[in-house]
A.B. asks: 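Below are the structure tokens for one structure; questions will follow.
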Amino acid sequence: MEKRQELYAGKAKSVFRTDDPDKMVLVFRDDTSAFDGKRIEQLDRKGMVNNKFNAFIMTKLQEAGIPTHFEKLLSDTDSLVKCLDMMPVECVVRNVAAGSLCRRLGVEEGVTLTPPTFELFLKNDALGDPMINESHVESFGWAKAADLEKAKILTYKVNDVLKAIFAEGGMILVDYKLEFGLYKGEVLLGDEFSPDGCRLWDAKTKEKLDKDRFRQGLGGVIEAYEDVGRRIGIDFDS
Ligand code: UDP
């Protein structure tokens, strides 16, 4: 497999073509962004930590029967994935109220949500990733209704798998964002799963161990990501 020209640079990852038209390389950079890209900083080791974190989680999800684009780790910062035709929507499940849900509905942070909520956001930084619903997705052609339904089912299935993994490590999976795409007609989980796109709290102390440390200027961002990783069995040195 040969890494070829850069296709696209996102806020935290770059995407490169390969000699196989069905595969591409994700390069996890040290860049960290928040507030729809309005604040960007470099955090040492972040690319390596998120690449290995994502590889571990994607492998666990695949073992649990959730189809993902992940193929294999190529280096500390690079992973080989299948090329997907991405749906421009973010699927968010929440087990506990935090973040935009609290701002939007005036709910207190920490309230348990039973059953977990499911929300959709349009991927559009210029519009601030507005909340949308399933009828918007269909009417504007962002995805077919049946494919969105599959993505929704997979998003909930991810919750069952990951809640248990993080609970074993003494953490609460508060919420998370997933992105899906089509590969030869099949809906696969794409993008990444790392503490950049979820909220994780220590189960006892409720300490924040995710990107809220960056958003809220709490410091120790990568140290927290590595702590989460080690608690679920990731070896960042291998
Ligand atoms: N999230 C994300 N990318 C986004 C927006 C949200 O990864 O562009 C994640 C975020 O980290 C959290 C979940 O989705 O785990 C729900 O985010 P929320 O709607 O509360 O928005 P925020 O408070 O992050 O603006």
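Residue indices begin at 1 and follow the sequence shown. On a predicted model such as this, the values are computed, not experimentally measured, just so you know. For ligands, and for the atoms within them, numbers begin at 1 and follow the listed sequence.
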A.B. asks: Specify the closest pair of heavy atoms between Asp31 and Lys46, including all atoms of both residues, with the distance to one decimal.
C.D. replies: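 For Asp31 versus Lys46, the nearest heavy atoms are O-NZ, 2.9 Å.
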
A.B. asks: Tell me whether ligand 1 is touched by Asp196 - counting only heavy atoms on the residue side and a distance under 4.0 Å.
C.D. replies: yes

A.B. asks: Name the closest protein heavy atom to atom 10 (C) of ligand 1, giving the residue it belongs to and the distance to 0.1 Å.
C.D. replies: Arg215 NH2, 3.5 Å

A.B. asks: Could you tell me which atoms of ligand 1, counted from 1 in the order shown, lie closer than 4.0 angstrom to a heavy atom of Asp129?
C.D. replies: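 Those of ligand 1 that fall under 4.0 Å from Asp129 are 8 (O).
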
A.B. asks: Write out all pairs satisfying side chain to side chain donor-acceptor pair (under 3.5 Å) with one or both partners inside residues 154-173, taking only residues at least two apart or from two chains.
C.D. replies: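 As it turns out, the side chain to side chain donor-acceptor pair (under 3.5 Å) pairs with a partner in residues 154-173, which skip direct neighbours, are Asn95-Asn159.
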
A.B. asks: Would you mind running through ligand 1 and noting each atom that sits below 4.0 Å from a heavy atom of Gly99?
C.D. replies: 20 (O), 23 (O)

A.B. asks: Is there a polar contact, in the sense of an N or O pair closer than 3.5 Å, between Arg104 and ligand 1?
C.D. replies: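 No, no N or O pair falls under 3.5 Å.
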
A.B. asks: Flag the pair Arg45 and Glu226 as a salt bridge only when some basic side-chain nitrogen lies within less than 4.0 angstrom of an acidic carboxylate oxygen.
C.D. replies: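 Counted as a salt bridge, because a side-chain N and a carboxylate O are separated by less than 4.0 Å.
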
A.B. asks: May I ask you to say whether Asp227 pairs ionically with Arg231, meaning some side-chain N is under 4.0 Å from a carboxylate O?
C.D. replies: yes

A.B. asks: Tell me the protein heavy atom at minimum distance from atom 2 (C) of ligand 1, and give that distance in Å.
C.D. replies: Lys177 CE, 3.4 Å

A.B. asks: Salt bridge or not for Glu6 and Arg17, using N-O below 4.0 Å?
C.D. replies: no

A.B. asks: Would you tell me which option among Arg199, Glu119, Arg103 has the nearest heavy-atom contact to atom 16 (C) of ligand 1?
C.D. replies: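 The nearest heavy atom belongs to Arg199.
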
A.B. asks: Counting from 1, what ligand 1 atoms have a heavy atom of Cys198 closer than 4.0 Å?
C.D. replies: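 Those atoms are 11 (O), 15 (O).
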
A.B. asks: Salt bridge or not between Glu192 and Lys177? Use side-chain N to carboxylate O under 4.0 Å.
C.D. replies: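 Not counted as a salt bridge, because no side-chain N and carboxylate O are separated by less than 4.0 Å.
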
A.B. asks: Output the list of atoms in ligand 1 that are nearer than 4.0 Å to some heavy atom of Ser100, sorted by atom number.
C.D. replies: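 Going through ligand 1 atom by atom, the ones under 4.0 Å from Ser100 are 18 (P), 19 (O), 20 (O), 21 (O), 23 (O).
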
A.B. asks: With a 4.0 Å cut-off on N to O distance, would you call Lys11 and Asp125 a salt bridge?
C.D. replies: yes

A.B. asks: Tell me whether the NZ or CZ atom of Lys52 lies within the 45° cone about the ring axis of Phe236 and under 6.0 Å from its centre.
C.D. replies: no

A.B. asks: Among all protein heavy atoms, pick the one closest to atom 13 (C) of ligand 1 and tell me residue, atom and distance.
C.D. replies: Asp175 OD1, 3.6 Å

A.B. asks: Does ligand 1 have a heavy atom under 4.0 Å from the side chain of Glu90, from its backbone, from both, or from neither?
C.D. replies: side chain

